[in-house]
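Given the structure is predicted, the values throughout are model-derived calculations rather than measurements. For ligands, and for the atoms within them, numbers begin at 1 and follow the listed sequence.
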Amino acid sequence: MPSPVGHSLVGIALGAAWLLPRRKYSEIARAAWHVRWPMAGCVVLANLPDIDYLPGIFSGDLNAYHHFYTHTPGWCALVAAGIWCALRGIRGAASAGDFAWILALLMSHLAADWATEDFRPPIGIMALWPFDAGFHISPVTIFLHLKKDSFGDFAQWHNVKAALVEAAWCGPLVVLAIGWKLRGVDSKED
Ligand SMILES: [Zn+2]
């Protein structure tokens, strides 16, 4: 799995693509402030499958429950449906596009984990569950695995290097999303 650095940057990129208007830069910056809480929600969604660390923390083995059902398309679809229903209840309306973005945010986590080195069996994630319970990993991995037998393990140079690799891959996605919002906008437009 990538660290929260990689997942959060992907969440910000997808959140920017979903929530920000197509305007000139100064207005986008203002709009970003207005949607800061929904944007924070996007970051949470992009990290949410790692909620499976919680039972591991309580049981004393951080990785005991990691990379199972919360890292499957089936779980993501169910959670996306639940959040979409809640959004509809709160706002009074939610579109199919909203569902697609929520699902994309959750699934972005799976895609990133799928493309991450994994040396701890079972290797990979159940990328096709509920259709297939097998574990799968990308033939080409771009993110480094994290060394994390316990919380104390996180603070080490290898993990800093892993986070820097994630920033190098995922930071440009944020720039691309904002660039997409700026593209074709008339600078004289109000
Ligand atoms: Zn994960």
Within 45 degrees of the axis of the six-membered ring of Trp33 and under 6.0 Å from its centre: does Arg36 put its NZ or CZ there?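 Yes, a cation-pi geometry.
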Determine, for Arg91 against Asp98, whether the closest basic-nitrogen to carboxylate-oxygen distance falls under 4.0 angstrom.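 Result for this pair is yes, salt bridge flagged.
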Determine the interplanar angle of the Phe143 and Trp169 rings, folded into 0 to 90°, and report it as parallel if under 30°, tilted if 30 to 60°, perpendicular if over 60°.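 Rings of Phe143 and Trp169: perpendicular, as their planes differ by over 60°.
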Look at the aromatic rings of His66 and His71 and report parallel, tilted or perpendicular, splitting at 30° and 60°.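 The arrangement is perpendicular - the two ring planes meet at more than 60°.
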For Phe99, look at atom CZ and say whether over 12 heavy atoms of other residues, nucleotides or ligands are found less than 6.0 Å away.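 Counting other residues, nucleotides and ligands, CZ of Phe99 exceeds 12 neighbours.
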Taking 2.8 Å as the limit, list every protein N, O or S atom around the Zn ion (ligand 1), by chain and residue number.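 Checking every protein N, O and S atom gives Asp50 OD1, His71 NE2, His109 NE2, Asp113 OD2.
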Flag for Tyr53-Lys148: side-chain donor and acceptor within less than 3.5 Å: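 Lys148 vs Tyr53: donor-acceptor pair found between side chains.
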